[in-house]
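From a predicted model like this one, the values you see are computed outputs, not experimental measurements. Naming convention: chains lettered A, B, ... in sequence-line order (proteins, then strands); numbering from 1 in each chain.
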Amino acid sequence: MTERKQMTTPFGLTRQITLPVTFPRQIPGARYDRGRQVSVLGDRPLTDQPAVLNTWTTTWGTPRNDNATDDESK
Amino acid sequence: MTTRPTVLIVTARQDYTTDLVVTELGRRAMRIVRLDPADDEPVTVNACLTPGGWTGSIAQAGRAAALDQIIAVFWRWAWPPPGDPAITDPSARSWAAREDQAAVFGIVKSLPVRWVNHPDRTRAANCKPFQLALAKTCGFSTPRTLITHSGVSAASWASGSARPGEVLYKAFYCMGTNEGSMIPASRIEPAALPQESLHAASMFQQVISGQPIRTTVIGERAFSAAIDSRDNAVDWRPAQQTATYHPVPTPPGILHALHGFMSRLGLQYGAFDFIADRSGAWWFLEINPTGQYGFIETRTGLPLTAAIADLLCTPGRTVSRPIGGTVEPCPT
């Protein structure tokens with residue numbers, strides 16, 4: 001008789017949620033300006049665009065980027 | 001190659017928060033070399049060991065820093081190098097990438113300069129059980145906490161809580177298994193816990209009701225902001241795009257404990273999360289040694305970037321912490 005292996009899920013993963021809103025890791029349309037050493041959007045540095053920075057400098061919503069501050073900082 | 005005092009920044013190009021620091025340092029006419037080790041454009045080194053340490057240069061895409069001119073390192077998301085893209089064989093490229101990482105990270109990590117933060121210190125500080133134990137030692141109030149593999153133990157411990165809904169589960173690493181998923185801290189019902197193994201070490205804590213506070217510590221300075229997420233969740237992160245933030249003073253006792261905590265871990269930067277309960281007492285939840293701060297600064301006006309720039313530019317005080325080593329005693 002073939003033994004069927006039951007799926008085992010760690011308790012913590014039962015608490016996993018899908019982010020209601022996610023943002024891509026890279027800001028759409030932004031590019032890194034090697035001369036200025038900052039990213040620009042529409043040729044303006046992000047630092048001149050606080051609304052954009054608000055969204056992309058949070059600790060939530062850009063998977064494998066913001067949470068990297070928790071999980072991947074080396 | 002320019003030979004004048006230089007701040008070396010090591011982070012991913014997608015670390016947009018660091019753009020604030022680059023801009024501020026530029027405003028102060030400080031020379032900056034920003035490296036992204038994970039970029040396809042390789043970071044290269046040419047370094048010679050001398051009695052005074054490594055001399056030579058480190059460079060990327062035509063921008064170089066003389067190692068003996070580096071006065072401070074701002075180290076954040078230094079992800080591993082991919083290996084020279086000219087190498088077409090994947091295993092050969094992977095081998096080269098490891099060699100690059102050993103050399104580039106190793107040389108930079110050995111620099112006897114001011115660090116914000118040294119990665120060895122960051123690694124030590126990232127360990128949440130260690131954080132909680134150290135927080136208690138330094139005088140912070142900490143929530144009752146249980147870490148266990150046993151569902152029975154968790155249920156028994158949670159049932160001892162004052163009221164249902166007063167216990168939360170919190171993962172050590174909040175990233176989920178799929179893109180776009182996350183494991184936030186969340187309330188649990190003891191009855192919903194499995195009666196057998198939890199199949200992974202699991203952390204449970206007493207829920208502390210009150211006002212979430214984010215305190216960003218930079219050198220000796222602490223900047224606290226209250227977070228109003230207008231919901232009853234125990235984890236404010238899901239609501240942070242719509243939350244409101246306002247500066248609040250850091251109580252003297254908390255400031256003292258923060259200095260002790262930072263000193264013992266050898267950190268110059270840390271983003272701490274607290275809850276201020278109804279009596280006004282602050283409860284330590286965790287520290288993120290490379291935590292984001294841009295959203296706090298843009299919404300509160302707290303001068304976090306300027307404080308980081310002050311730290312990176314301050315002459316005469318070098319802090320060399322290349323090796324993890326032992327933690328210093330808590331100052332009294």
Side-chain angles (χ1 to χ4, degrees), chain A residues 5-74, chain B residues 9 12-20 22-23 26 32-34 36 61-63 76-80 105 119 122-123 126 151 154 169 171 173-184 186 188 193-194 198-200 202 237-238 240-241 271 288-295 297-299:
Chain A
K5 203 166 182 179
Q6 198 175 2
M7 176 99 82
T8 299
T9 303
F11 172 74
L13 279 184
T14 66
R15 319 295 293 180
Q16 181 170 245
I17 64 166
T18 299
L19 296 174
V21 179
T22 60
F23 305 97
R25 184 176 198 157
Q26 182 139 352
I27 299 173
R31 65 177 176 82
Y32 184 68
D33 183 327
R34 289 193 187 278
R36 287 188 269 193
Q37 302 189 89
V38 296
S39 290
V40 296
L41 181 62
D43 264 350
R44 285 173 55 217
L46 295 179
T47 47
D48 290 347
Q49 304 181 57
V52 180
L53 273 182
N54 273 343
T55 299
W56 264 273
T57 62
T58 61
T59 64
W60 172 273
T62 51
R64 309 213 173 279
N65 197 355
D66 51 9
N67 300 335
T69 63
D70 286 329
D71 295 355
E72 292 179 10
S73 47
K74 298 212 168 36
Chain B
I9 296 177
R13 61 168 62 179
Q14 297 92 350
D15 177 12
Y16 302 116
T17 300
T18 289
D19 288 13
L20 292 163
V22 170
T23 302
I32 309 151
V33 172
R34 178 174 178 170
D36 177 1
R63 189 185 298 271
R76 281 173 53 92
W77 300 353
W79 295 329
F105 286 20
T122 294
R123 184 174 296 110
N126 261 334
Y169 165 81
Y173 297 101
C174 64
M175 285 166 67
T177 54
N178 309 310
E179 190 74 16
S181 66
M182 188 179 177
I183 305 158
S186 57
I188 58 137
L193 285 163
L198 300 171
H199 300 297
S202 303
R237 288 173 298 182
Q240 71 182 265
Q241 294 286 353
N288 185 334
T290 43
Q292 291 278 31
Y293 74 85
F295 69 108
E297 175 164 294
T298 54
R299 297 183 194 200

Relative to chain A, which segment of A61(B) carries a heavy atom at a distance below 4.5 Å: side chain, backbone, both, or neither? side chain
For Y169(B), enumerate each residue passing the side chain to side chain donor-acceptor pair (under 3.5 Å) test, keeping only those at least two apart in sequence or located in another chain. none
Any residue meeting side chain to side chain donor-acceptor pair (under 3.5 Å) with D33(A), in chain and number order, not counting sequence neighbours: R36(A)
Please flag which part of T9(A) lies under 4.5 Å from any non-hydrogen atom of chain B: side chain, backbone, both or neither. backbone
Heavy atoms only, distances under 4.5 angstrom: which of S186(B), A200(B), G26(B) has the most pairs with chain A? Name it, please. S186(B)
Let me confirm one number: the OG1-CZ distance from T290(B) to R76(B), rounded to the nearest 0.5 Å. 6.5 Å
For I9(B), is it the side chain, the backbone, both or neither that has a heavy atom under 4.5 Å from a heavy atom of chain A? neither
Any Lys/Arg nitrogen of D36(B) or R34(A) sitting under 4.0 Å from an Asp/Glu carboxylate oxygen of the other? no
